[in-house]
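Note sheet for the following structure.
Nothing fancy with the numbering, it's 1 onward along the sequence. What you see is a predicted model; the values in this text were computed from it and never measured.
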Amino acid sequence: MKTQKIYDNGYQWIVLGRDPDKPEKIIDTNQYIIKDGNRTMMLDPGGIEIFSSVLAATLSETSVNNITDLFASHQDPDIISSLGLWNEILPDLTLHAPAIWEGFLRHFSGGDVNYNAIQDKGGSIKLDSVELQFIPAHYLHASANFHVYDPKAKILMSGDVGAALEGPGAPMFVDDFNSHKEKMHMFHKRWMPSNEAKMDWIRRVRDMDIDMMAPQHGRIFKGDDVKRFLDWFEALDVGVAIHGG
Ligand SMILES: [Fe+2]
Ligand SMILES: [Fe+2]
């Protein structure tokens with residue numbers, strides 16, 4: 001699994017992904033690490049199937065005892081079915097995840113994980129030097145769902161929003177927004193259920209200062225491509241299965 005630093009100024013953001021050993025039939029995922037002093041937080045650390053690759057890649061960046069926090073944007077298996085394995089090697093770590101998914105996510109953990117239940121209005125967490133915000137993104141696509149915003153690095157980790165279905169080994173950054181649109185089209189139309197939730201999120205995100213939007217699948221948006229994404233998403237009608245697809 002490849003690792004790539006996307007921010008490095010006193011602390012680091014690192015993306016892990018594009019695993020050539022990934023089983024073919026599982027969806028490709030991006031995992032993110034924020035390494036800040038002797039605290040390391042993993043954002044959407046991934047499924048049980050890729051745990052050993054993610055762990056090996058993580059240990060090339062930080063020591064095992066520095067992995068102190070996990071974040072799960074929502075309850076999907078590609079986000080966090082690895083929870084029980086992380087908890088087994090690091091019983092003191094804390095999972096930060098939506099409050100209403102606690103009873104569900106504990107099915108992945110063996111039941112005894114330290115669980116910081118993020119309430120619907122969101123919240124924040126201070127690592128060593130950086131303070132991160134949990135931004136509500138409910139119904140995009142899960143009924144309780146959060147993104148992570150770092151106002152210093154100006155990075156928004158956007159979970160499944162901005163996801164694209166890519167072939168193996170795709171570049172890590174969007175290089176041509178126009179050709180990228182078709183890789184996002186079906187995913188957003190079908191997995192995002194609510195135009196009202198979409199518009200509420202877009203309104204709030206337009207007010208944020210964002211250099212990079214980093215989704216859990218596909219490629220990272222930089223600079224003007226963030227605004228291009230917001231415009232594209234705003235114009236897209238979602239929740240299409242209600243009308244038969
Ligand atoms: Fe999901
Ligand atoms: Fe996902």
Report task. Show the numbers, then the answer: is there a side-chain hydrogen bond (donor to acceptor under 3.5 Å, both in side chains) between Ser124 and Glu131? Result -> CA-CA 7 Å; Ser124 63; Glu131 182 149 347; 3.3 Å; yes
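- No side-chain heavy atom of Met41 sits under 4.5 Å from any side-chain heavy atom of Asp36.
- In summary, the aromatic rings of Trp201 and His138 are positioned with their centroids too far apart to meet the 6.0 Å limit.
- Between Asp176 and His180, every side-chain heavy-atom pair lies at or beyond the 4.5 Å cut-off.
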Requested in this report: For Lys222 and Asp225, run salt bridge (charged side-chain N to carboxylate O under 4.0 Å, His left out): C-alpha distance rounded to whole Å, both residues' side-chain angles, the deciding distance at 0.1 Å, then the answer.
Outcome: CA-CA 6 Å; Lys222 264 202 293 205; Asp225 282 337; over 6 Å; no
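- Ring-centre distance between Phe71 and Phe146: not below the 6.0 Å cut-off.
- Separating the OH atom in Tyr149 from the CD1 atom in Ile135 is a distance of 8.0 Å, to the nearest 0.5 Å.
- Contact record, Ala144 with Trp101: O-NE1, 2.9 Å, taken as the closest heavy-atom pair.
- Considering Met192, Lys189, His188, Lys198 in turn, Lys189 is the only one that fulfils the side-chain contact (heavy atoms from CB on, under 4.5 Å) rule with Asp237.
- A side-chain donor-acceptor contact under 3.5 Å links Asp78 and His217.
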Report task. Could you walk me through whether Lys154 and Asp209 pass salt bridge (charged side-chain N to carboxylate O under 4.0 Å, His left out), step by step? Result -> CA-CA 6 Å; Lys154 301 180 184 175; Asp209 191 5; 3.1 Å; yes
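- You'll find the ring centres of Tyr11 and Tyr7 inside the 6.0 Å limit.
- Between Arg106 and Asp112, no side-chain nitrogen of the basic residue sits less than 4.0 Å from a carboxylate oxygen of the acidic one, so the salt-bridge criterion is not met.
- With ring centers used as reference points, Trp86 lies under 6.0 Å from Phe51.
- For the side-chain hydrogen bond (donor to acceptor under 3.5 Å, both in side chains) test with Thr3, the passing option among Gln31, Glu61, Arg18 is Glu61; the others fail.
- In summary, Arg206 and Asp231 engage in a salt bridge, as defined by a charged side-chain N under 4.0 Å from a carboxylate O.
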Requested in this report: Show the numbers, then the answer: is there a salt bridge (charged side-chain N to carboxylate O under 4.0 Å, His left out) between Glu49 and Lys25?
Outcome: CA-CA 11 Å; Glu49 287 272 4; Lys25 287 188 175 173; over 6 Å; no
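- A side-chain contact (heavy atoms from CB on, under 4.5 Å) with Val226 is found for exactly one of Met208, Met212, Met213, namely Met213.
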